[in-house]
Amino acid sequence: MDAIISFFKNYVVWLTIPEFTITDILEIVIIAYAFYHIILWIKDTRAWMLLKGMIVLGIIFLVAVVLEMNVVLWVFRNAMVVGIMALIVIFQPELRNALEQLGRKNILGSFSFDNQRGKNERYSEKSIQAIVKAVYDMAKVKTGALIVVEKEIQCREYERTGIPIDAEISSQLIVNIFEHNTPLHDGAVLVRDNRIVAATCYLPLSNNLEVSKELGTRHRAGLGISEVSDSLTIIVSEETGFVSLACDGKLYRKIDADTLQLKLAETAKRNPEEKKIMWWKGGRKKDEK
């Protein structure tokens with residue numbers, strides 16, 4: 001009995017729950033809220049790719065520490081300060097956008113761990129059919145088009161260069177946007193979560209020297225956005241009427257309607273970790289041949 005009492009005194013008593021004050025609870029809520037939304041911001045921008053690279057570098061650093069690789073550790077120590085400054089310069093647009101969103105955000109209405117509106121799919125079958133129909137209707141009459149279909153990484157930086165639309169996806173609307181001599185036909189259309197969010201968006205041009213010289217600016221822009229995001233970009237050639245698809249930095253030319261529909265169906269699926277976890281009821285409901 002004495003041994004049991006001694007055990008509890010030495011090893012268990014100190015495990016008592018500390019006293020909590022209102023200040024402590026507020027600190028936990030603020031830190032959890034900030035940490036969660038920082039993760040969401042990283043996942044919705046190119047910073048998600050950067051985070052993966054940093055994890056790889058972290059693993060290399062740990063291996064260097066364990067194996068005592070002094071030269072590798074010296075490189076890490078000297079590159080640290082320069083690397084932090086470089087990250088601030090590279091991600092200046094994303095950081096500025098994050099601060100702008102923080103200023104516009106409804107704080108109370110945002111207290112939800114809501115990532116992708118709780119839907120199991122990004123795009124419905126109706127939206128996919130509308131995109132495919134519009135693309136091949138335009139291809140028949142050689143109407144040039146550039147449609148960016150977002151996946152996990154949101155192209156907010158390029159969305160701001162266009163004109164906000166925020167309309168339900170329909171084949172008639174897409175065809176009308178790209179009709180010749182209309183105010184919105186020049187540039188790219190950005191599609192996100194069953195909505196056309198913006199038109200006349202300017203996209204980055206690819207610097208890939210292996211791209212055929214016969215391809216114009218529209219194809220280079222479609223390939224360029226696929227190099228900096230995980231989006232699926234559909235290009236309709238104004239000269240030939242051929243439909244091309246850019247994804248993962250590769251360009252697939254002369255694809256048919258069945259192939260396009262299959263690729264869009266794959267894009268529509270969400271990963272299991274993207275599902276909604278909510279704890280506040282008032283949260284948002286809101287060139288290969």
Side-chain angles (χ1 to χ4, degrees), residues 45-46 93-94 96-97 100 123 127-151 153-209 211-247 249-255 257 260 263-264 267 287:
T45 64
R46 292 178 296 169
E94 283 82 1
R96 178 177 176 178
N97 184 41
E100 288 176 352
Y123 304 103
S127 296
I128 293 173
Q129 294 288 349
I131 294 173
V132 173
K133 184 179 186 303
V135 166
Y136 285 92
D137 283 348
M138 290 186 292
K140 289 177 184 177
V141 294
K142 296 184 179 180
T143 299
L146 185 57
I147 304 172
V148 179
V149 182
E150 285 187 354
K151 293 173 68 177
I153 299 176
Q154 296 182 359
C155 304
R156 299 282 186 180
E157 178 182 351
Y158 308 105
E159 177 187 345
R160 295 198 303 271
T161 65
I163 297 174
I165 300 294
D166 192 24
E168 184 178 346
I169 296 173
S170 69
S171 59
Q172 296 89 343
L173 178 56
I174 295 174
V175 171
N176 189 66
I177 288 174
F178 288 108
E179 191 64 39
H180 292 291
N181 301 321
T182 58
L184 301 179
H185 85 282
D186 190 19
V189 160
L190 198 60
V191 176
R192 179 189 307 137
D193 290 338
N194 290 313
R195 308 287 291 181
I196 299 175
V197 295
T200 70
C201 299
Y202 295 112
L203 305 181
L205 299 181
S206 173
N207 293 319
N208 189 343
L209 299 178
V211 178
S212 175
K213 299 299 182 184
E214 67 185 40
L215 299 178
T217 304
R218 185 176 284 114
H219 287 81
R220 285 191 173 275
L223 189 58
I225 190 67
S226 74
E227 292 171 347
V228 298
S229 73
D230 61 351
S231 63
L232 199 70
T233 308
I234 306 166
I235 308 111
V236 181
S237 173
E238 192 171 354
E239 290 75 24
T240 63
F242 293 145
V243 177
S244 301
L245 193 65
C247 59
K250 297 179 181 179
L251 186 64
Y252 302 89
R253 302 179 63 188
K254 300 180 183 179
I255 64 169
L260 178 59
K263 287 292 186 181
L264 288 173
T267 302
D287 204 332

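Heads up: numbering here begins at 1 and tracks the sequence.
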Point to revise | Backbone N/O of Y202 and side chain of T161: donor-acceptor pair under 3.5 Å | key: yes
Check your understanding: Between I174 and M138, is any pair of side-chain heavy atoms under 4.5 Å apart?
Key -> yes
Exercise for review: With I234 as reference, evaluate V243, V132, I255 under the side chain to side chain contact (heavy atoms under 4.5 Å, CB included) test and give the passing residue.
Suggested key: V243
Review point. Atom CG of L190 and atom CZ of R160: how far apart are they, to the nearest 0.5 Å?
Key: 12.0 Å
Review point. Of the non-hydrogen atoms in A188 and L203, which two are nearest, and what is the gap between them?
Key: CB-CD1, 3.7 Å
Study note, to complete from the structure: Output for pair (L184 CG, I163 CD1), nearest 0.5 Å, gives 5.0 Å
Review point. How many angstroms lie between CD in E227 and CG in L205, if you round to the nearest 0.5 Å?
Key: 10.0 Å
Review point. Would you find a donor on one side and an acceptor on the other, under 3.5 Å apart, between the side chain of S226 and the backbone of G249?
Key: yes
Exercise for review: Would you sort out whether V175 and T143 count as a side chain to side chain contact (heavy atoms under 4.5 Å, CB included), showing the intermediate values?
Suggested key: CA-CA 9 Å; V175 171; T143 299; over 6 Å; no
Study note, to complete from the structure: Value for CD (E157) from SG (C201), rounded to nearest 0.5 Å, stands at 11.5 Å
Review point. If you take all heavy atoms of F178 and G187, which pair is closest and at what distance?
Key: CE2-O, 3.6 Å
Review point. Side chains of Y136 and L260: does their closest heavy-atom pair fall under 4.5 Å?
Key: yes
Study note, to complete from the structure: The side chain to side chain donor-acceptor pair (under 3.5 Å) partners of T200 (sequence neighbours excluded) come to none
Practice item. Quick one: do L215 and L223 satisfy side chain to side chain contact (heavy atoms under 4.5 Å, CB included)? Show the steps, please. Key: CA-CA 11 Å; L215 299 178; L223 189 58; over 6 Å; no
Exercise for review: Examine distances only and state if a side-chain atom of R220 and a backbone atom of S206 form a donor-acceptor pair shorter than 3.5 Å.
Suggested key: yes
Review point. At what distance, to the nearest 0.5 angstrom, does CZ of R195 lie from OH of Y123?
Key: 12.5 Å
Practice item. For side chain to side chain contact (heavy atoms under 4.5 Å, CB included), just list the numbers for I177 and L173, CA-CA rounded to whole Å, side-chain angles, deciding distance to a tenth of an Å, and then say yes or no. Key: CA-CA 6 Å; I177 288 174; L173 178 56; 4.1 Å; yes
Exercise for review: Work out which heavy atom in H185 is nearest to a heavy atom in E179; give both atom names and the distance.
Suggested key: CB-O, 3.2 Å
Exercise for review: Look at the side chain of S237 and the backbone N and O of E239, then say whether any donor-acceptor pair between them is shorter than 3.5 Å.
Suggested key: yes
Revision key, fill the gap. Rounding to 0.5 Å, atoms CD1 (I196) and CD (E168) come to a distance of 9.5 Å
Exercise for review: Could you tell me which non-hydrogen atom of V236 sits nearest to which non-hydrogen atom of R218, and how far apart they are?
Suggested key: O-CD, 3.6 Å
Exercise for review: May I have the step-by-step check of side chain to side chain contact (heavy atoms under 4.5 Å, CB included) for C155 and I225, ending in yes or no?
Suggested key: CA-CA 9 Å; C155 304; I225 190 67; 4.1 Å; yes
Point to revise | Heavy-atom pair with the smallest gap, counting every atom of G241 and A139 | key: O-CB, 3.2 Å
Check your understanding: Does any non-hydrogen side-chain atom of D137 lie less than 4.5 Å from one of V141?
Key -> no
Study note, to complete from the structure: Shortest non-hydrogen pair, V189 vs A199, comes out as CG2-CB, 4.1 Å
